[in-house]
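Proteins get letters first, then strands, A, B, ... in listed order; numbering begins at 1 in each.
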2 protein chains.
Amino acid sequence: MTDMNQTPPAASLAEGIAAELRDRITGGILRPGQRLSEAALAADLVVSRNTLREVFRLLTREGLLTHLPNRGVSVAVPSMAAVLDIYRVRRLIEVPAIANARPRHPAIGAMAAAMAAAQDARGRGDWQGVGSANMRFHAAIVELADSPRLTSFFAQLTAELRLAFGLIDDPQELHGSFIDTNADLLAALQAGDTQGAADRLTAYLDQSERLVLEAFARIELR
Amino acid sequence: MTDMNQTPPAASLAEGIAAELRDRITGGILRPGQRLSEAALAADLVVSRNTLREVFRLLTREGLLTHLPNRGVSVAVPSMAAVLDIYRVRRLIEVPAIANARPRHPAIGAMAAAMAAAQDARGRGDWQGVGSANMRFHAAIVELADSPRLTSFFAQLTAELRLAFGLIDDPQELHGSFIDTNADLLAALQAGDTQGAADRLTAYLDQSERLVLEAFARIELR
DNA sequence: CTGGCAATATTGTTGAACAATGCATCTATA
DNA sequence: TATAGATGCATTGTTCAACAATATTGCCAG
């Protein structure tokens, strides 16, 4: 068996390039606000300008890029308003998803897996990895709702939120403290205590939002 | 003042074409399942294939088109699963939006305007117009939540749902009976009775979903 | 300094070209 | 006759080069 890991062959070239760019953006290689020249980036990615433009349209719709007519695209700059909005929507989606979770839902397994990955990454001091695993944990929470549309919408929110995370200097403070809280949440859920799980989730969201906003406030000052 | 109605100048050509196609699809000119040939449609819309492809990517992401690699795009065929999913998400979004509505929120004005438009269209026997106004009514409900991301997500759901409406023969049955229910809802909301409004909304969603699903069942039989 | 203007770079859009893929048709064989 | 394989055709996938439309930059005059 050849390597079928990590990257599903990417149906089309544009899809693949979109994934690549998404990684570069959420991974911090491309910084928020950075201008993306069509010609330069096309050459760098070895695709034609036309194909790259298709990708730009995709990512703009996802909120990762900002498009100003006749002035090109740049990496979106997350605002406080955006962060507030994203957390508001997260509450609206995640809390009911947990509260109404069916007891043996398969997504609970995915949550446990993400949790294990987070603990592992913490052991290695890989805070970026902790952040990714944490996002997967919450994506799994949304999957409890069994709604494909909600799942894909949430994936979008997640990508945008990672953009904001990227602006924050200290990822340990941001992601590190939540592993234990989330472990509690998972335990409550596995024990069938959906209300307890929902409460912990709410607490997590409040605290995480506060951390991000505080970090933002610090940044906007300087 | 020249005509600045209906169509905001459409920032880019692609945006404009996207809007045009969206109208043709939700308006029923393009039927679900219909194959869209790049060459033919590009000629028809008087744009290049490249530009049209950008548009295809947009609408595919919105759920209005289906893309099969190397086999082109076609108008999405709504499934029962899609309808169920959409209504589930609508409940999740709209009900809290109403329940937590701030008393004098501007969106309430938009709701009233949509209501008036619906009544007017009913007077003319324009059931398609009633449907559009009804969708605007519910979009206004979502705006009560003051969340741009929720608003744009809902717009997407709406477009997809209209696709399903298009499959239904009798639009009067579908949209006609709800005007009075929605009027009640609006009255309750204006009177500050958010709970009553939320209850009426829930009833509406249940009944509307049932109508659509029943019509679907009839269609799939034949 | 400041406003206006020309020169330049970038995006917006097109048309043509060719490779890759899927679909329909035809033919030869059992 | 039915079926598998081969062949050709139409469509999509992607690139390239060109030009128009729109910003941005730098320069010059006042």
[X] has an atom [atom1]; how far is it from atom [atom2] of [N], in whole Å?
X: Asn70(B); N: dA10(D); atom1: CG; atom2: P; value: 18 Å
X: Arg49(A); N: dA17(D); atom1: CZ; atom2: P; value: 12 Å
X: Leu68(A); N: dT11(C); atom1: CG; atom2: P; value: 12 Å
X: Leu65(B); N: dT12(D); atom1: CG; atom2: C1'; value: 15 Å
X: Arg35(B); N: dG22(C); atom1: CZ; atom2: P; value: 12 Å
X: Leu41(B); N: dT14(C); atom1: CG; atom2: P; value: 13 Å
X: Glu38(A); N: dT15(D); atom1: CD; atom2: P; value: 14 Å
X: Leu13(B); N: dT22(D); atom1: CG; atom2: P; value: 12 Å

Any side-chain N or O of [X] less than 4.0 Å from the OP1 or OP2 oxygen of [N]?
X: Thr51(B); N: dG12(C); value: no
X: Arg71(A); N: dT24(D); value: yes
X: Arg53(B); N: dG13(D); value: yes

Just call it for [X]: base, sugar-phosphate, or nothing, with non-hydrogen atoms closer than 4.0 Å on any strand.
X: Leu52(B); answer: nothing
X: Ile17(B); answer: nothing
X: Val73(B); answer: nothing

Out of curiosity, Phe137(B) CZ to Met111(B) CE, how far, rounded to the nearest 0.5 Å? 3.5 Å
Pairwise distance CD1(Ile179(B)) to CE(Met115(B)) - rounded to 0.5 angstrom: 7.0 Å
To the side chain of Asn50(B), which of dT24(D), dA16(C), dT11(C) is closest? dA16(C)
On DNA chain D, does the nearest nucleotide to Pro69(A) precede the nearest nucleotide to Ala14(A) from the 5' side, or the other way round? Give the residue. Ala14(A)
Check [Y] with [X], please: is the shortest side-chain N to carboxylate O separation under 4.0 Å?
X: Arg210(A); Y: Asp206(A); value: no
X: Glu209(B); Y: Arg90(B); value: no
X: Arg24(A); Y: Asp44(A); value: yes

